[in-house]
Amino acid sequence: MAETLVDANMSEDSIQYLPIEAAFQATSLILIMLVAIAANTMNIIVVYRNSNMQTPRYMFIINLACGDLGVTLLSMPFSLVTCISRRWIMSDSFCKLHGFLGSFFFCLSIFTLTIMSIEQFYALVKPLSRAITIRRAWYMIAFVWIFSTVLSLGPVLGWGHFAYNSSTLACGVAYPRSTSERIYLLFLVLVAFVITLLIMAVAYIRIFFAVRKHTHRIARYTTGGLEVMRLQRRITFTLLLVLLMFVLCWLPFVFLIVLATQNTGVAKLPYGLGVAAYWCGFLNSSINPIIFVIRNDRFREGYRDILSEVWYGLQCKRPQN
């Protein structure tokens, strides 16, 4: 899913970006990688050091950060090398690996966002029903990783195939050559995008009405409970913001898929759309951790503590108690 449809015949239908375009693409991708590595690593460290943040909700946030780090460290370097060389210089095995990793980490991200919406749904809409405990959270995370792997293995096992696309500077699921491959592509889009977005939409609509109802009721009796509801509303808005940025960042890619399925070659696609679609998807990995830092007091405090320790370490001093 996270790799665009590619043309199987590269020799007759390909795009060659200019050196100045390649330089801009490489520079922007390096900046995205640096921000994504620094911010996601910091978020993981903050949660690891703060025992109060080791809850199912923050476990899901860290799982999302691990997915973003995976994209940055395992998928983006392929695109960076190809961007600099302006052609695929690695073997067919690495092309298949790149295609698999792109699909896998896309599925991992959107499924993690889905279980985050489910956790928030149970916390606000059904607080007296089965709670999502630490143990259940681990099961949900394990399911996300396993299911993402299974969905992404189709082309590796012969259901569809990976190929290099000169317009995206990446390897991905190629243009369908048979009805079976078209079914795989439709299945992937349906499960990893349409159904998950529908689940999250229903969850957040229910959450919105539940929060409004509880806020009005609690406001009549206590101010302390009202503060709790305001905090829950803030958390919900943060998760919605993360989801919104995910959809916006991946919309160019979805648009690329729609156009690709209606064309017979890479050269017929709008010039530059392929790279723009991928780079926007990569950008999402650097935006996610920044949203949590801006919207969450605990992350901001954790950042201040870590940066203070680093500063004192560079000054060869110890912070005064």
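Predicted model, so just to flag it, every value in this text is computed and none were measured.
- Aromatic ring orientation, F193 versus F106: parallel (interplanar angle below 30°, classes split at 30° and 60°).
- Within 6.0 Å of CZ on R135 lie no more than 12 heavy atoms contributed by other residues, nucleotides or ligands.
- Note that CE of M116 is 10.5 Å distant from CG of L240, once rounded to the nearest 0.5 Å.
- Follow the hydrophobic side-chain contacts under 4.5 Å out from I290 and you never reach L239; the two are in separate clusters.
- Closest approach of N52 and R298 over heavy atoms only: O-NH1, 3.2 Å.
- Both Y278 and M245 are assigned to one and the same hydrophobic cluster, defined by single-linkage of ILVMFWY side chains at heavy-atom distances under 4.5 Å.
- Cysteines C280 and C249 have SG atoms no closer than 2.5 angstrom.
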Candidate pair M53 and Y48, rule side chain to side chain contact (heavy atoms under 4.5 Å, CB included), full reasoning: CA-CA 8 Å; M53 298 176 71; Y48 176 77; over 6 Å; no
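- Residues I61 and F299 meet the side-chain proximity criterion, which asks for heavy atoms closer than 4.5 Å.
- Applying the salt bridge (charged side-chain N to carboxylate O under 4.0 Å, His left out) test to R49 and every residue at least two apart in sequence or in another chain returns E309.
- Formation of a donor-acceptor pair under 3.5 Å by the S103 side chain with backbone atoms of G99 is found in this model.
- The distance from the CD atom of Q54 to the CD1 atom of I134 is 8.0 Å, given to the nearest 0.5 Å.
- For the pair L243/L197, a side-chain contact is recorded, criterion being any heavy-atom separation below 4.5 Å from C-beta on.
- Hydrophobic clustering, with ILVMFWY side chains joined whenever heavy atoms are under 4.5 angstrom apart, keeps I294 apart from F246.
- Side-chain atoms of S167 and L273, non-hydrogen and from C-beta on, never get closer than 4.5 Å to each other.
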Let me have the donor-acceptor pairs involving side chains of residues 26-33, under 3.5 Å, with sequence neighbours excluded, atom names and distances please.
from : atom 1 : to   : atom 2 : distance (Å)
T27  : OG1    : A23  : O      : 2.8
S28  : OG     : F24  : O      : 3.0
S28  : OG     : Q25  : O      : 2.9
S28  : OG     : W279 : NE1    : 3.2

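- Taking the disulfide bond (SG atoms under 2.5 Å apart) definition, one finds that C66 meets it with nothing, sequence neighbours left out.
- Listed for the E21 side chain is a donor-acceptor partner under 3.5 Å among the backbone atoms of L18.
- Interatomic distance, T82 OG1 to L169 CG, rounded to the nearest 0.5 Å: 6.5 Å.
- Hydrophobic cluster membership differs between I195 and V202, with clusters built from Ile, Leu, Val, Met, Phe, Trp and Tyr side chains linked at under 4.5 angstrom.
- Looking at heavy atoms from C-beta onward, W311 lies out of side-chain contact with L307 at the 4.5 angstrom threshold.
- Follow the hydrophobic side-chain contacts under 4.5 Å out from Y139 and you never reach F111; the two are in separate clusters.
- Counting only heavy atoms from C-beta outward, the side chains of F143 and I115 never approach each other to under 4.5 Å.
- Between F105 and D68, every side-chain heavy-atom pair lies at or beyond the 4.5 Å cut-off.
- Counting heavy atoms from C-beta outward, H98 and L74 have side chains that stay 4.5 Å or more apart.
- Scanning all heavy atoms of the two residues, the minimum distance from C107 to A192 falls at SG-CB, 4.0 Å.
- Taken from CD in Q120 to CD1 in I118, the straight-line distance is 12.0 Å, to the nearest 0.5 Å.
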Side chain to side chain contact (heavy atoms under 4.5 Å, CB included) between V275 and T168, worked out: CA-CA 5 Å; V275 168; T168 63; 5.7 Å; no
Check against side chain to side chain contact (heavy atoms under 4.5 Å, CB included), V242 and F292: CA-CA 8 Å; V242 172; F292 288 118; 3.8 Å; yes
Residues 144-157 side chain polar contacts: donor-acceptor under 3.5 Å, at least two apart:
from : atom 1 : to   : atom 2 : distance (Å)
W145 : NE1    : N63  : OD1    : 2.7
S148 : OG     : L108 : N      : 3.3
S148 : OG     : V144 : O      : 2.7
T149 : OG1    : W145 : O      : 2.8
S152 : OG     : F104 : N      : 3.1
S152 : OG     : S148 : O      : 2.8

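- Counting only residues at least two apart or on different chains, the salt bridge (Lys or Arg N to Asp or Glu O under 4.0 Å) pairs with a member in residues 96-124 are R57-E119, D92-K96.
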Going by atom type alone, with no hydrogens or angles, which donor-acceptor pairs under 3.5 Å involve a side-chain atom of residues 34-44 and a protein atom two or more places apart or on another chain?
from : atom 1 : to   : atom 2 : distance (Å)
N40  : ND2    : A36  : O      : 2.8
N40  : ND2    : S285 : O      : 2.9
T41  : OG1    : I37  : O      : 2.6
N43  : OD1    : Y303 : OH     : 2.8
N43  : ND2    : P289 : O      : 3.4

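- Here the straight-line distance linking atom CZ of R206 with atom OH of Y204 works out to 14.5 Å at 0.5 Å rounding.
- The heavy-atom pair separating T238 from R295 by the smallest distance is OG1-NE, 3.1 Å.
- Contact check for W159 versus I183: side-chain heavy atoms found under the 4.5 Å cut-off.
- Rounding to the nearest 0.5 Å places CH2 of W88 at 8.0 Å from OG of S91.
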